[in-house]
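In this text the structure is predicted, and so the values were computed from the model without any measurement.
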Amino acid sequence: MKIELSARPASLIRRALLRAGKSKLTLAIAVISTLLVSAGFASRTADDGDNDNSSQAAITRFWAVYHGNNYAAIPQIEADLEQALHSDPDNPTLYALLGAAHFWHIGEAARDPNPHDPVLAGDMPAAVANFGQALELDYYTQHFIGYINDDHLPGYLGITTVHLGQMTGDSSLIAKGDQTLDFAAYEFPEFNNFNRWAAHNSDSKDSPSYQKALDSLWQGLDSCVGSTVNRANPDLKPYLNLLTTVGRKKACRWGGELAPYSFEGYMLNLGNGLVKAGQIDAARIMFHNAHYAGNYSTWPYRAALESIENSDLNARAALYADANPYNDPPLGVPNRGCSYCHATVPE
């Protein structure tokens with residue numbers, strides 16, 4: 001027997017949000033919260049064969065689209081995942097990838113041909129709902145012996161919850177997301193410290209929340225090398241022999257199956273984060289670290305890093321320091337959120 005959530009609201013929430021529109025977003029968020037908290041449990045017999053095949057096909061299509069940088073295919077991928085959930089409703093991977101699809105869609109909304117697409121208003125709440133369902137199923141339901149929990153999930157739930165709170169001006173949601181992120185970073189520091197950073201990297205450079213976010217990136221590096229990286233001279237070349245393709249620390253390397261360019265993306269973010277903090281010399285070293293990646297020459301977004309690396313970093317830092325937050329340069333690739341770590345081909 002497997003244990004199943006008796007309420008499977010994620011796909012229903014998505015459709016309800018689309019009908020509600022932006023003006024009723026706050027009400028929809030309240031409904032989501034109630035559903036996630038009040039979902040009960042019921043037992044069911046495990047399905048076999050067809051369900052597994054349908055789920056695996058949807059999962060395979062998601063990764064093909066994600067790695068293929070095919071933003072336009074997101075609606076079809078969401079439909080495929082939702083269809084698979086009808087016959088396999090206790091599969092946390094399906095919910096996690098559906099949450100990721102919504103997060104990708106809103107995170108790179110500049111790629112949407114319709115900037116006023118009403119679907120965008122529902123993406124972040126849907127991401128929170130689906131990551132919440134995935135975590136509930138992965139952490140708190142019965143699994144077969146040998147099952148390994150996915151400790152990426154608290155990070156995904158935390159960052160989307162913070163972003164939803166930021167979008168709606170709900171400080172309690174931000175606090176809830178931060179609490180989840182602190183737990184996530186404790187569970188899986190090599191990976192989830194990046195999510196703590198990404199949740200607050202747009203905060204004022206002198207704010208405690210930004211300082212904590214920037215320190216989270218350092219903590220992620222420290223966890224990867226098993227030591228304390230020199231903050232003034234963070235050359236990572238002495239640590240490259242520690243890179244591994246197994247265990248938790250495989251998240252620290254380049255060329256991974258799920259996020260092939262995560263190392264380069266991490267260096268780009270930390271380099272820009274240091275520029276924002278006014279630490280120009282350390283930032284230059286951090287940008288250079290990206291070049292150590294064995295797959296750097298094939299990174300579709302390497303031009304973005306090199307453009308920043310070769311620019312006037314003091315002038316860039318001054319933009320973060322002035323009184324106008326609207327001229328702050330992006331801390332990743334402009335108008336891109338997921339693709340610059342995951343995509344294996346250019347746009």
Side-chain angles (χ1 to χ4, degrees), residues 1-14 35-67 77-103 126-161 180-181 183-192 195 223 244-253 256-259 262 342:
M1 300 289 284
K2 290 192 283 187
I3 303 298
E4 174 192 3
L5 284 173
S6 62
R8 306 292 179 190
S11 61
L12 297 177
I13 289 169
R14 178 177 180 272
L35 286 168
L36 289 176
V37 170
S38 64
F41 296 89
S43 62
R44 70 187 289 270
T45 303
D47 294 320
D48 56 13
D50 291 343
N51 290 348
D52 292 339
N53 291 337
S54 174
S55 296
Q56 189 54 53
I59 291 167
T60 300
R61 285 193 294 271
F62 169 87
W63 285 110
V65 166
Y66 209 37
H67 288 149
I77 290 301
E78 290 173 349
D80 291 345
L81 291 165
E82 288 181 347
Q83 182 60 39
L85 280 166
H86 284 305
S87 55
D88 192 9
D90 58 352
N91 188 324
T93 299
L94 294 174
Y95 278 109
L97 296 185
L98 186 54
H102 282 290
F103 195 29
V128 172
N130 282 290
F131 283 136
Q133 286 283 50
L135 182 61
E136 180 74 21
L137 289 166
D138 186 76
Y139 269 39
Y140 304 114
T141 62
Q142 180 177 320
H143 298 291
F144 297 110
I145 294 174
Y147 183 89
I148 299 175
N149 293 111
D150 185 353
D151 289 332
H152 299 81
L153 291 173
Y156 296 144
L157 178 59
I159 186 175
T160 52
T161 301
T180 303
L181 284 169
F183 168 77
Y186 171 79
E187 286 283 289
F188 192 178
E190 296 88 347
F191 178 81
N192 283 318
N195 285 315
S223 297
T244 179
T245 60
V246 298
R248 292 290 186 100
K249 295 192 185 303
K250 68 182 180 181
C252 305
R253 68 180 295 274
E257 180 182 358
L258 303 184
S262 59
H342 292 274

Does a donor on one side chain sit under 3.5 Å from an acceptor on the other, for Y186 and N192?
no
Taking all atoms of both residues into account, what is the closest heavy-atom pair of F131 and A96, and its distance?
CE2-O, 3.2 Å
Rounded to the nearest 0.5 Å, how far does CZ of F103 lie from CG of L98?
14.0 Å
Salt bridge E190-K249, side-chain N to carboxylate O under 4.0 Å:
yes
If you measure from CG on L137 to NE2 on H143, what distance do you get to the nearest 0.5 Å?
7.5 Å
Please determine, by modelled atom types, if D90 and Y95 share a side-chain donor-acceptor pair under 3.5 angstrom.
no
Counting distance only, does the side-chain N/O of N130 pair as donor-acceptor with the main-chain N or O of A126 below 3.5 Å?
yes
Side chain to side chain, P154 and Y139, heavy atoms closer than 4.5 Å
yes
If the condition is side-chain contact (heavy atoms from CB on, under 4.5 Å), which residues does R253 pass it with, not counting sequence neighbours?
L243, T245
Quick check for you: to the nearest 0.5 Å, what is the distance between E136 atom CD and L157 atom CG?
10.5 Å
Tell me the closest heavy-atom pair linking K250 and G247, and the distance in Å.
CG-O, 3.0 Å
Measuring from atom CG of N149 to atom CG of D138, what distance do you get when rounded to the nearest 0.5 angstrom?
4.5 Å
Ignoring hydrogens, what is the shortest heavy-atom contact between G99 and A127? Give both atom names and the distance.
O-CB, 3.6 Å
Mark yes or no for whether N91, through its side chain, and T93, through its backbone, hold a donor-acceptor pair below 3.5 Å.
yes
Not counting sequence neighbours, which residues clear side chain to side chain donor-acceptor pair (under 3.5 Å) with D80? List them please.
R61, Q76
Distance-only, no hydrogens or angles: does the S55 side chain make a donor-acceptor pair with backbone N or O of D52 under 3.5 Å?
no
Does S262 offer a backbone N or O that forms a donor-acceptor pair with the side chain of H342 under 3.5 Å?
no
Kindly indicate whether a cation-pi arrangement holds for R248 with F191, taking the cut-offs as under 6.0 Å to the six-membered ring centre and within 45° of the axis.
no
Not counting sequence neighbours, list each pair that qualifies as a salt bridge (Lys or Arg N to Asp or Glu O under 4.0 Å) and has a residue in residues 141-150.
none
How long is the straight-line distance from CG of L181 back to OG1 of T161, given to the nearest 0.5 Å?
8.0 Å
Y156 and H152 aromatic ring geometry - parallel, tilted or perpendicular at 30°/60° bounds
parallel
So, taking the atom named CG in L97 and the one named CZ in F62, what distance separates them when rounded to the nearest 0.5 Å?
5.0 Å
